[in-house]
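What follows is a single structure, written as structure tokens, with notes after it.
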2 protein chains.
Amino acid sequence: MHSVAGGVALWRQIADAIRLDIVGGKLANGDRLPTEALLAQRFSANRHTVRRALAVLAEEGVVVAEQGRGTFVRSIRRLSYPIGKRTRFREGLKGQAASLTSVSISDRIENATARVAVALGLKPGAKVVRTEGMSVADGVPISRSTTWLSYRRFPDFASRINQMGSTTLVFGSYGITDYSRASTRISARHADVEEIQSLTLAPGAIVLVSEAVDVDPEGEAISYALSRFPAERMELVV
Amino acid sequence: MHSVAGGVALWRQIADAIRLDIVGGKLANGDRLPTEALLAQRFSANRHTVRRALAVLAEEGVVVAEQGRGTFVRSIRRLSYPIGKRTRFREGLKGQAASLTSVSISDRIENATARVAVALGLKPGAKVVRTEGMSVADGVPISRSTTWLSYRRFPDFASRINQMGSTTLVFGSYGITDYSRASTRISARHADVEEIQSLTLAPGAIVLVSEAVDVDPEGEAISYALSRFPAERMELVV
DNA sequence: CATAGTTGTCTAGTTTATTAGACAAATCGA
DNA sequence: TCGATTTGTCTAATAAACTAGACAACTATG
């Protein structure tokens with residue numbers, strides 16, 4: 001009779017709550033968590049259920065249990081991605097991670113859906129380049145993105161991004177020395193199967209979804225990107 | 001063997017996925033959903049499991065089933081809350097809802113935590129006013145927020161917000177004719193128990209969390225607000 | 001009005017989630 | 001070293017989730 005639950009297992013709710021205490025700053029790095037008995041009391045759950053939650057967190061590397069001593073916070077941090085008029089992914093994360101690599105997973109030419117066409121100011125069905133990519137900071141996947149661009153204007157965007165790695169550089173190679181963010185829509189949802197795999201998330205994890213349109217200095221839309229960030233690893237700062 | 005699941009029941013994942021198709025625009029207002037048999041196939045689930053997901057969506061008012069005919073999208077829309085330098089909650093939602101009411105739930109004086117103190121530029125432990133509030137658009141709860149302000153500067157903020165209803169008005173009554181947004185941090189997580197109740201969410205629902213600091217024209221921080229928006233009803237636009 | 005297609009209901013069986021209790025193993029301090 | 005505290009492991013019972021199959025009820029169409 002966990003009137004609260006409903007399709008989400010108690011152990012997962014508990015794991016989420018504890019993780020939140022950690023990323024939210026209530027529990028600092030080497031802190032000892034409350035004992036399993038206390039946690040069980042706090043969540044009105046059985047100790048075994050709490051143990052399952054802790055096991056998940058241990059597997060994620062968020063906590064470490066030591067028999068006889070207790071369970072300890074192991075470290076976790078969230079990267080902050082600043083969003084503004086001049087949003088640059090790599091620059092924005094500079095200094096927050098030792099390594100930051102972006103890889104292009106796949107690309108193809110397709111016809112613009114209504115949504116993509118509106119965003120890019122094209123006719124529905126117009127040819128667009130679609131590239132799938134992801135970024136990894138210090139070995140941890142932090143974003144998974146899908147980008148659409150006009151095929152007419154950027155016919156070989158895909159091959160260039162493969163070589164150069166950075167969107168800013170590729171735009172430069174097309175003569176666009178500067179560009180800016182026209183709009184960003186932010187929403188959130190559960191990660192889907194593909195995202196759970198590619199971002200190495202626990203099933204049921206939450207992703208922040210940003211839907212961004214970049215424009216050149218003339219105000220012409222040049223790219224429409226749909227990026228997914230694991231909410232437990234990233235936050236967006238406006 | 002739903003190797004994908006993990007703490008989140010299949011019926012809930014299916015309900016979430018279908019709801020996403022609807023709010024995401026893949027399914028329009030009066031559209032007929034695929035048959036239960038097809039959905040079962042698509043999600044590799046039993047028809048009964050799909051039926052449970054549809055039952056949830058029907059209870060939410062998102063779909064309506066009609067025996068012999070099919071199941072239909074009933075309507076759903078997401079409000080867009082624009083965030084910028086001059087962010088005003090009520091103005092931002094103008095035109096998107098027929099009615100918009102904000103209520104103050106409770107308030108109290110407390111000592112600033114480290115986080116609150118930093119945000120407001122106060123000494124840790126300084127006296128702050130804390131108010132809990134929520135907003136309802138067309139009868140549907142769309143936000144639940146906690147706001148902290150310096151007690152020294154706004155000693156009876158609480159009673160004024162109760163009378164006036166709008167933050168902008170209360171600031172005006174303190175002689176602050178204009179104010180602007182210094183920063184907004186956006187993250188996402190599962191709704192907690194209190195939020196599920198106050199926002200009338202389904203258990204396991206996702207909330208967008210915005211952490212905002214407003215400043216007066218002199219650049220002095222005047223308020224620190226932590227707002228939670230149901231991700232299924234709201235999106236944030238930068 | 002017969003038929004194909006769709007949602008609604010019922011029974012039954014398996015797997016997963018949760019609770020419950022007992023005890024072992026490790027740690028720490030008196 | 002003893003005893004209290006804490007995590008680790010095992011068994012067992014109940015509730016919720018999921019699958020399976022069959023058939024009823026309703027709708028639209030030719």
Side-chain angles (χ1 to χ4, degrees), chain A residues 1-18 22 27 30-74 190 193 202-204, chain B residues 1-18 27 30-74 190 193 196 202-204:
Chain A
M1 213 65 49
H2 345 94
S3 58
V4 174
V8 183
L10 229 198
W11 59 263
R12 165 156 286 281
Q13 298 181 53
I14 295 173
D16 288 346
I18 295 175
I22 295 173
L27 289 168
D31 283 5
R32 205 187 89 173
L33 272 64
T35 67
E36 295 172 350
L38 279 174
L39 288 170
Q41 199 175 0
R42 168 177 161 195
F43 293 107
S44 311
N46 192 271
R47 187 181 148 226
H48 295 295
T49 309
V50 169
R51 280 181 62 72
R52 177 149 189 194
L54 291 174
V56 170
L57 294 175
E59 197 166 0
E60 289 176 16
V62 176
V63 303
V64 177
E66 295 182 28
Q67 190 169 357
R69 302 216 317 132
T71 306
F72 301 83
V73 176
R74 207 183 163 203
H190 283 121
V193 183
Chain B
M1 211 68 46
H2 344 96
S3 58
V4 174
V8 183
L10 229 197
W11 60 263
R12 166 157 285 283
Q13 298 181 52
I14 295 173
D16 289 345
I18 295 175
L27 289 168
D31 282 5
R32 206 188 86 173
L33 272 64
T35 67
E36 294 171 350
L38 279 175
L39 288 171
Q41 196 174 5
R42 166 176 161 196
F43 294 106
S44 310
N46 191 274
R47 188 181 148 226
H48 295 293
T49 309
V50 169
R51 281 181 61 73
R52 177 152 188 192
L54 291 175
V56 169
L57 294 176
E59 197 166 2
E60 290 176 15
V62 176
V63 302
V64 176
E66 293 182 29
Q67 189 168 356
R69 302 215 318 131
T71 306
F72 300 83
V73 176
R74 204 179 167 208
H190 284 119
V193 183
I196 285 171

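Proteins come first, then strands; the chains are lettered A, B, ... in the order of their sequence lines, and each starts at number 1. Side-chain atoms are counted along with the backbone in the values below, which use heavy atoms only and exclude waters and symmetry mates.
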What is the separation between atom CZ on B/Arg12 and atom P on D/dC18, rounded to the nearest whole Å?
11 Å

What is the minimum heavy-atom distance between A/Thr71 and A/Ala65, and which atoms define it?
OG1-CB, 3.8 Å

Rounding to a whole Å, what distance do you find between A/Leu33:CG and D/dT5:C1'?
16 Å

Quick one: A/Leu39 CG to D/dG8 P, roughly how many Å, whole number?
13 Å

Expected rows: protein N/O vs nucleotides 20-22 of chain D N/O, under 3.5 Å:
{"residue": "D/dA20", "atom": "N6", "partner": "B/His48", "partner atom": "NE2", "Å": "3.1"}
{"residue": "D/dG21", "atom": "O6", "partner": "B/His48", "partner atom": "NE2", "Å": "2.3"}

For a quick check of understanding: with a heavy-atom distance under 4.0 Å over all strands, which category does B/Thr49 fall into, base, sugar-phosphate or nothing?
base

Report the C-alpha distance between A/Leu38 and A/Phe43 in whole Å, list the side-chain angles of each, state the deciding distance to 0.1 Å, and finish with yes or no for side-chain contact (heavy atoms from CB on, under 4.5 Å).
CA-CA 9 Å; A/Leu38 279 174; A/Phe43 293 107; over 6 Å; no

A/Glu36 atom CD is separated from C/dA20 atom C1', nearest whole Å, by 15 Å

Which angle, to the nearest 10 degrees, lies between the helix axes at the two ends of the helix from C/dC1-D/dG30 to C/dA30-D/dT1, each defined by five pairs?
30°

Rounding to a whole Å, what distance do you find between A/Arg32:CZ and C/dT27:P?
14 Å

For a side-chain contact (heavy atoms from CB on, under 4.5 Å) check, start with the C-alpha distance between B/Val62 and B/Val73, then their side-chain angles and the critical distance, and finish with the verdict.
CA-CA 6 Å; B/Val62 176; B/Val73 176; 5.6 Å; no

Residue set satisfying salt bridge (charged side-chain N to carboxylate O under 4.0 Å, His left out) with A/Arg52, at least two apart, ordered chain then number -> none

Atom pairs, protein N/O to nucleotides 25-30 of chain D N/O, distance under 3.5 Å:
{"residue": "D/dA25", "atom": "N3", "partner": "B/Gln67", "partner atom": "NE2", "Å": "3.0"}
{"residue": "D/dA28", "atom": "OP1", "partner": "B/Arg69", "partner atom": "NH1", "Å": "3.1"}

B/Arg52 atom CZ is separated from C/dG8 atom P, nearest whole Å, by 16 Å

To the nearest Å, how far apart are B/Gln41 CD and D/dC18 C1'?
18 Å

How many angstroms lie between atom CZ of A/Arg12 and atom OG1 of A/Thr49, to the nearest 0.5 angstrom?
14.5 Å

The side-chain hydrogen bond (donor to acceptor under 3.5 Å, both in side chains) partners of B/Arg32 (sequence neighbours excluded) come to none

For the residue pair A/Ala15 and A/Leu57, what are the closest heavy atoms and their distance?
O-CD2, 3.7 Å

I'd like to check the side-chain hydrogen bond (donor to acceptor under 3.5 Å, both in side chains) partners of B/Gln41; sequence neighbours left out, ordered by chain and number.
none

Side-chain N or O of A/Thr35 less than 4.0 angstrom from OP1 or OP2 on D/dT5?
no

Separation of D/dT19 C1' from B/Arg51 CZ (nearest whole Å):
15 Å

Can you name the closest pair of heavy atoms from A/Glu36 and A/Val50 and give their distance?
O-CG1, 4.2 Å

Heavy-atom closest pair, residues A/Leu33 and A/Phe72:
CD1-C, 4.1 Å

Can you name the closest pair of heavy atoms from A/Ala53 and A/Ile14 and give their distance?
CB-CG2, 3.7 Å

